[in-house]
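As structure tokens, the structure follows; a few thoughts come after it.
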Amino acid sequence: MFLLEHPAADEQIRVLAEEWQSALARLTSGAVASVAAGIPLGLSLADARQHLRLLLDEQRSQRLLDQPSKILLPAGTAPGAVCEGCGAEPSAYVDQVGNETERIGEQCQARRTAGRDAHAPTLAQLFGQADLIDVAGSAVTLQDRPPIGSTLAAVYFDADSMGRRLGKLDTLDELGRLSRDIGDQVGAAVEAAKAAADQARRRLLAPIVGGDDVLLFLDAAIVPTVLSKVADSLSSAIAREWKLRFSASVVVADPYTPLRQVFGESRRALKAAKERAHRTEQAQIAVRSLLPARLHPGSDLLFGGPLPLEDVVGDGESRGPLMQLINDVAAISDRSQRAGLARDLLSGEGVAERELALLDRIVRTNDGHMQRALELARHWASVLGPGRHHHELLLGALALADQWRVPA
Amino acid sequence: MSGWRLTLTARSSYLVGGVGQAPLGSHVAAPFLAGRHLEDEEALLPGTSVRGVLRDAFRRFVEARTEWTCAAPDQCDCPCCRLFGSGNRTGKLMVRSGRATAARDPRSRIALDRATRTAARAGHALWTEERARADFTIDLELRASTDSEEARLLDDFWPWLSLVGLALGRSKSTGGGSFEINVVSHEREQPRHTRAPSTESDAPPRSYLLSVTLLEPARLVGIRQRDFFRDALQSVPSATLRGAIGWAMQRQGDDALATELFRSSTSVRLGTAYPTLETASLSGAVPWLSVQVCRGEPRHRVNLALAKVAWRMGSALQLPEVCPRCGAHLEEPDGDGAGPLVIGRTAIDPHTRSVAQDMLYYETVAAPGSTFVAYMLARPGQAEAIAHYSELLIGGRTAAGRGLARLQVLPLDVPSLESRLAGTAQALAALGVAHETIAILGFVSEAGMGAPLRQELMDRGLPVLTAELRSIVRGGWDQERGYPRPLRQLISGGSWVAVEAGGESALHELERLERFGIADPDGTAHAMLLVREDWEVMEMTPPTRSVAATEVDDLILGIVDICRQYARQLPDRSALQTLLRYAQSTDSVQETILFIRYQASREEHGRNRAFFIRIAEEVERRFPRNIEGARRYLAFVVRAANVERPHGPHADATEVGPHGR
């Protein structure tokens, strides 16, 4: 959203929209189109945002109203002649991905070229791969895949209630200052995240850094470290001055899951976090897993819903209950007992049966970590309030214990 | 249609591909159909696995009995390839998947270093498998008639197979996946539909809801996103549904009926089938744009389309942020129905009869148990004919245990067009728009447009006022011509368009639109439109807690109370496990009770006597004729006594069970 002060705003909107569209066309070879709308600022900013959203929705619909169905691939296109990247355009180029070749279409080629020109890290580089490896003293090969068993994560931060906050500003000067401060704040947070990743010999992909949004793709193992750095950076003095509050989502997935799908889930999870933040007046984080396993129900949020961000990243001096819980669960040294714990929590016909199975296991194994995890989960659930059961917290911690590396 | 029914009785637990990744702590797991909290643990025996082992056994049988040698995967015309198919041909035999209540069988295994004859220490030496043990019934169906050679070979093959049994999945050589097998000839009971629907061709079409419940995983593939990734569709396109019904008729020899129902001038109109939890609701299933749901309890569905129309007509913007009924915050709906299921699969090298190199992959399918509903406009006779074919095969890989579904046709009450228009006018008036001739047309199917939608509607005298449309990309496979259909950007179901319906002929045109839709030049995605009337705030069906779960909770709380009451007289764990083992060794509840009383009478249990007698009384009262219930009760007693025993490490805990102490 842009705020234009010039009297000829209509003309500026037109120019801006055209330049925006031509840049998108260049970067994606026409795969992505944009719409633009403007309204005079006689309303509150919050109302203006709602009006603009409706206008943009309407313009998107106009395109479909005024054109017949677009054919992306004609009938009879052989599977071998389809882009291996998106499956939605004819293949035209041969592209090299690591050690393998792919036949891709014009639009995918344009997108990849734009990414390479911007020196965006490859998937393997996110996991610290792609260093040159000396094989047998002479030949040199390039690791082009994430290590087996690695997990990709998307971390998405966004400021809560920005529309309402903007609506309360009195002057355009204030708006400009807030806009700059948020930009600086978000920029600093991304730099902090990159520094944390560097320290862990990893890289980050930051496809969205703009306004109050930050989206990062990274190795799931370093999520706890990066989360705490970003959260720390976003709660600086400037944020406190403006009373900014950032909620977040984390989605973990197989590294080869299409990023579009991971991004879609991140947005949905972030929405859930922001909904809860709105009700509780506290920054929240929602964690979702797309890993195909019993402990990772893709359709539900882990932990039974969003968690207070502070419970995840800690208060700066001590770690939050989530990290403690993950640590306790990860410390259960006997993997078969962890598996049994998961089975206790997932099977059974009611809460009482699951609880009984859990207690019986603790008594039988006399495992202090399991006992501590249960006590912590119970206490945490009581703090989180009604509607959250400690079984859900334990299940979430079990799911992430193998994915997140909690810093010492 | 003839076929065979295979009854598989487990001699050992099995482990095939598995569902997605293994649960935590296990390295690999059998395909349990897992919800988060299952009431019954059901395992899947994928038809792909059964077909694979049947094919392998049949190939060896054929090669031993005849001169044929199977050359698959190369071009081959041996009886094995003709019946079970190969890479480039579809076989005549369809093998269904099996589902059955199953027991989990976790196994820890260790790899031995052959040189040192001790546990291999290089890593990956210890692993845990979660196998399943269950008895299955698998149906095999012939989709085309067999020649005399094939029929003779099959007739000889089944008795031979019954003698040798069947082994499938992993670790076959060490006894895993072993089943006794009984094969009987199985004629499908479904007779042909005899009454021609055309006898009622003069009756006006009416609205129906078509409900499809998956009995097997269904492979509804979306477009390829990377070379290795194909997502599952969240809905069943109308062309797929129509093809599935037509094929069900064709398999019964009713080709003419299929043609009459779907390719005549009076053909049935079908919408897209959307996943739902509310089986009798169309408005609850179609993912309408502008509909939001509240976060209240119960949740409400609020339609904001009219507020948008009113704003377009010059009224002030009145988009509520909270539910008008309960005040809870509104949000975008998350979608309905079960999520996709990810099944691990391997390809077997026919020469080595083991997993081919790099051939482990995952298949995303719609989960068995999911229900989809679609809008259907048909004459009563046509609907009756469709309802007659209650079993469908839907989506891809139907020959290998994918896509079996149950079909139901339910009448759907749609108010008259006039009353729907009047309802819209009234709702708009409440928003400050005095306009009585606005109709909101909703898409209940995906729609391919040969000409722009605005022009199509204008040609019918229905100028567009505003719209909310989204696009969706759909392709497909033309079965008849054997090549891919075009990949197109269609208007997605759930889109809507507001039109001015004020002219004299407008009512007539709206009726025609509802009846005939807008034709798709490609013939696969006809637009089906309904004039909407769902402006009321609707309460959504709340998820119900299962009765079984509540009963189990009460049962356990009762046991915990007894254990606390007798806390100082609780027997040790081994004594209680003896009761459970005894119960597991007999089918008689009374014998179990007698054994508990006998234990109570023994001198060494004198201190625990009162507890034993109380447990015997409880078993007699609660499960007089239900040995399964008695076993389960005793299993809970073992655990609860363990937890409540005063010397246990949990003695100081402040809470037990969901309700605390």
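Chain identifiers are assigned alphabetically (A, B, ...) following the order of the sequence lines, protein sequences preceding nucleic acid strands; residue numbering begins at 1 within each chain. On a predicted model such as this, the values are computed, not experimentally measured, just so you know.
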Quick one: does any side-chain atom of A/Thr151 pair with a main-chain N or O of A/Ala253 as donor and acceptor, under 3.5 Å? no
Please determine, among B/Pro486, B/Ala640, B/Pro521, the option with the most heavy-atom pairs under 4.5 Å with chain A. B/Pro486
Side chain, backbone, both or neither: which part of A/Cys83 has a heavy atom under 4.5 Å from chain B? backbone
At a heavy-atom distance under 4.5 Å, which candidate from A/Arg361, A/Lys271, A/Glu275 has the highest pair count against chain B? A/Glu275
Contact origin within B/Leu304 toward chain A - heavy atom pairs under 4.5 Å: neither
Please look at B/Arg639 and chain A and tell me whether the side chain, the backbone, both or neither of the residue comes under 4.5 angstrom of a heavy atom of that chain. both
Mind checking what makes salt bridge (charged side-chain N to carboxylate O under 4.0 Å, His left out) contact with A/Asp367, not counting sequence neighbours? none
A/Glu265 and A/Arg268 ion-paired at < 4.0 Å: yes
Pick one of side chain, backbone, both or neither for B/Arg632, based on which atoms fall under 4.5 Å of a heavy atom in chain A. side chain
Does any backbone or side-chain atom of A/Leu55 lie under 4.5 Å from a heavy atom of chain B? Answer side chain, backbone, both or neither. both
Interface moiety of A/Arg279 toward chain B, non-hydrogen atoms closer than 4.5 Å: side chain
Just give me the residue among B/Leu457, B/Asp520, B/Leu487 that pairs up with chain A most often, heavy atom to heavy atom, under 4.5 Å. B/Leu487
Taking atom types as modelled, find out whether A/Gln62 and B/Arg454 have a side-chain donor-acceptor pair closer than 3.5 angstrom. yes
Any donor-acceptor N/O pair, A/Asp160 side chain to A/His278 backbone, under 3.5 Å: no
State the CG-CG distance between A/Asp57 and B/Leu469, to the nearest 0.5 angstrom. 10.5 Å
Would a distance-only check, ignoring hydrogens and angles, find a side-chain to backbone donor-acceptor pair under 3.5 Å from A/Thr280 to A/Arg276? yes
A/Glu102 bridged to A/Arg112 by N-O distance under 4.0 Å: yes
With side chain to side chain contact (heavy atoms under 4.5 Å, CB included) as the test, would you mind laying out the steps for A/Leu341 and A/Leu358 before giving the verdict? CA-CA 7 Å; A/Leu341 187 60; A/Leu358 182 64; 2.8 Å; yes
Is B/Leu319 in contact with chain A via its backbone, its side chain, both, or neither, using a 4.5 Å heavy-atom distance? both
For the pair B/Asp522 and B/Arg474, find out whether any cationic side-chain nitrogen is under 4.0 Å from an anionic carboxylate oxygen. no
Could you tell me whether A/Arg267 atom CZ has more than 12 heavy atoms of other residues or ligands within 6.0 Å of it? no
Which residues from residues 65-74 of chain A are near chain B, with near meaning under 4.5 Å between non-hydrogen atoms? A/Leu65, A/Asp66, A/Gln67, A/Pro68, A/Ser69, A/Lys70, A/Ile71, A/Leu72, A/Leu73, A/Pro74
Is chain A contacted by the side chain of B/Ala451, its backbone, both, or neither, given a heavy-atom distance below 4.5 Å? backbone
Please classify the contact of B/Ala641 with chain A as side chain, backbone, both or neither, using a heavy-atom distance under 4.5 Å. neither
Identify which part of B/Arg312 has an atom lying under 4.5 Å from any heavy atom of chain A, answering side chain, backbone, both or neither. side chain
So which part of B/Trp311 gets closer than 4.5 Å to some heavy atom of chain A, the side chain, the backbone, both or neither? side chain
Can you say whether B/Ile556 sits under 4.5 Å from chain A via the side chain, the backbone, both, or neither, judging by heavy atoms? side chain
Establish, from distance only, whether the side-chain atoms of B/Glu446 and B/Ser492 form a donor-acceptor pair under 3.5 Å. no
Start with the C-alpha distance between A/Glu58 and B/Thr466, add both sets of side-chain angles, then the distance that settles side chain to side chain donor-acceptor pair (under 3.5 Å), and finish with yes or no. CA-CA 7 Å; A/Glu58 198 169 60; B/Thr466 186; 2.7 Å; yes
